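Because the structure is predicted, anything quoted here is derived from the model rather than measured. Both counts, for ligands and for their atoms, begin at 1 and track the order of listing. The figures here come from the full heavy-atom set of this structure, side chains too, leaving out hydrogens, waters and symmetry mates.
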Amino acid sequence: MTDLLIGGRWTGAIDERTREIRCPADGSLVAVVDEGGGKDAAEAVAAARQAFDQGPWPRTPAGPRGDLLLRVADMVARDKDALARAESLDTGKRLAESRLDVDDAVACFRYYGRLVRTETGRVVDTGTAHAVSRVVHEPVGVCALITPWNCPLPQTSWKVAPALAAGNTFVLKPSELTPSTAIALMRLLVEAGLPDGVANLVLGPGPEAGAPLTDNPDVDMVSFTGGLRTGRRVMAAAAGTVKRTSLELSGKNPNVVFADADFDTAVDHALTAVFRHSGQVCSAGARLMVEGSVHDAFVEAVVHRARGIRLGGPFDERAQTGPLISAAHRARVEAYVAAGLAEGARLRCGGTCPDDPALADGYYFLPTVLDRCHSGMSVLADESFGPVLTVERFASEDEAVRLANDTVYGLAGAVWSGDEERARRVASRLRLGTVWINDYHPCLPQAEWGGFKQSGTGRELGPGGLAEYRETKHIWRNTRPRPRGWFA
Ligand code: TXE
């Protein structure tokens with residue numbers, strides 16, 4: 001088998017191990033792929049190092065680099081159906097959502113393909129006629145790109161596109177659960193004409209194939225998206241050689257609803273915010289906060305509609321959301337709900353697996369609402385990353401802000417209010433990387449994405465996303481060199 005890409009060569013894993021990829025919707029076999037480990041990771045880093053130090057890519061001007069990205073964007077668009085299908089089979093995600101994810105990847109490659117051509121260095125005033133000073137951008141070097149399983153193709157594109165735009169070489173280590181679109185994307189990069197060794201792909205479990213990338217001295221940067229605990233480990237490992245790190249570690253995102261919000265629209269979005277992809281979205285609005293005077297009616301409306309959500313596999317057109325990624329993850333979500341109930345939360349709906357025999361082979365979990373949640377409970381401190389909505393009540397604007405900020409996370413969230421001034425005021429006080437006002441979830445390639453506090457370091461998307469993968473160098477040129485004579 002030949003699923004790893006190392007130095008321009010498709011190859012199997014050194015230890016010849018393989019892994020079965022199964023669809024979380026029904027357990028059916030999707031693919032058998034190579035499963036690498038530390039030795040494969042080391043070879044991939046060596047190939048990326050050589051391509052960076054000696055190959056043409058880092059020295060290729062921005063124009064042709066941008067052209068290659070635009071070609072990749074066209075190819076991803078061309079292969080949309082196949083990529084969306086592969087993404088859905090690996091993740092269990094509805095095909096319609098996977099198609100949107102492919103569009104997201106296309107937009108990302110287009111955005112960086114165009115941006116890199118227009119981003120130039122700058123000339124700095126030296127204050128003397130005898131020197132010229134320029135500030136230029138250069139690639140960081142060899143990047144380790146480690147991605148998770150919830151939105152594999154966009155998450156990979158958000159790293160690969162700016163890393164390449166900046167002129168880096170990289171080793172990609174996708175989640176061991178969802179490698180298919182990463183393999184497909186690497187094939188497109190080769191087809192687009194990327195020089196050998198610039199893009200390398202290692203498959204395998206995090207501790208075996210991912211960890212060796214994070215402390216390898218030949219890796220200059222680690223860009224990681226995943227859980228907070230793993231993120232801390234990655235940061236600690238990278239500290240040994242002071243690597244640049246860019247981390248996106250998800251959140252426990254507040255969705256704050258004031259009494260003067262458009263009730264029906266806010267209810268509708270509260271559902272999409274958390275139950276889309278069964279809550280397996282880093283920005284999921286899993287923490288609903290409602291102003292006291294409308295709290296009961298609002299929660300009642302959310303619960304009523306949550307009970308009616310239809311579960312199903314990726315190709316079931318009637319399904320509104322799908323399964324969780326694995327049995328282990330479902331067990332984590334079950335334990336999270338049990339902990340909340342033990343601490344005094346009230347179960348309003350869901351809380352268990354569906355009893356529909358047609359869903360018995362998948363890792364489904366019913367849309368769940370827990371109300372009467374308050375500070376100090378583990379369900380408010382932790383992320384479930386499942387279809388679980390916690391509900392809190394607040395009495396004033398100040399209290400809403402205080403509660404919403406009372407978390408180690410700071411990725412995203414929303415404010416719902418008919419009072420524009422108040423919505424803006426609250427948005428500016430929330431310690432979050434993204435705040436939506438009277439909306440939830442939109443994301444643009446041209447606007448930065450990333451977390452405050454322990455939701456991460458660094459930014460993805462936007463010009464800031466490109467900056468993550470670049471060094472900035474100051475070049476001073478003396479145009480009239482003369483002896484200084486200090487030590488004459
Ligand atoms: O993620 P991990 P897991 C959150 C979510 C979820 C929890 C755990 O709360 O319940 O994380 O999920 C690789 N060195 N998110 O365990 O471990 C791993 O192989 C280097 C949020 O699945 O973070 C995979 O490629 N790499 C999130 C990637 O890290 C390591 C998306 C993510 O896996 C490694 C997913 C190590 N020591 C989960 N250990 C988001 N922000 O969108 C694992 N990996």
Just checking W416 against H269, ring centres under 6.0 Å apart?
yes
As a test of understanding, state which of D218, D220, L213 forms a side chain to side chain contact (heavy atoms under 4.5 Å, CB included) with N216.
D218
If you measure every N or O of G227 against every N or O of ligand 1, does any of those distances drop under 3.5 Å?
yes
Do any nitrogen or oxygen atoms of K173 come within less than 3.5 Å of a nitrogen or oxygen of ligand 1?
yes
N/O to N/O below 3.5 Å, does that happen between T214 and ligand 1?
no
Would you check the N or O atoms of G206, main chain and side chain alike, for any that come under 3.5 Å of an N or O of ligand 1?
yes
Under the side-chain hydrogen bond (donor to acceptor under 3.5 Å, both in side chains) criterion, do T241 and K243 qualify, and how do the steps go?
CA-CA 6 Å; T241 44; K243 298 186 197 315; 2.8 Å; yes
Is atom 44 (N) of ligand 1 near the protein, in the sense that some protein heavy atom lies at less than 4.0 Å from it?
yes
How does R332 reach ligand 1, if at all, at less than 4.0 Å between non-hydrogen atoms: by side chain, backbone, both, or neither?
side chain
So, are R459 and E468 salt-bridged, with charged N and O less than 4.0 Å apart?
no
For ligand 1, is any non-hydrogen atom under 4.0 Å from L177's backbone (N, CA, C, O), its side chain (CB onward), both, or neither?
neither
Check this for me, if you would: do K80 and D103 make a salt bridge, where the nitrogen-to-carboxylate-oxygen distance has to be below 4.0 angstrom?
yes
Just let me know how E248 lines up against ligand 1, side chain, backbone, both or neither, with a heavy-atom cut-off below 4.0 Å.
both
With respect to T225, determine whether any N or O atom, backbone or side chain, lies less than 3.5 Å from an N or O atom of ligand 1.
no
Please determine if S384 has a nitrogen or oxygen closer than 3.5 Å to a nitrogen or oxygen of ligand 1.
no
How does A237 reach ligand 1, if at all, at less than 4.0 Å between non-hydrogen atoms: by side chain, backbone, both, or neither?
neither
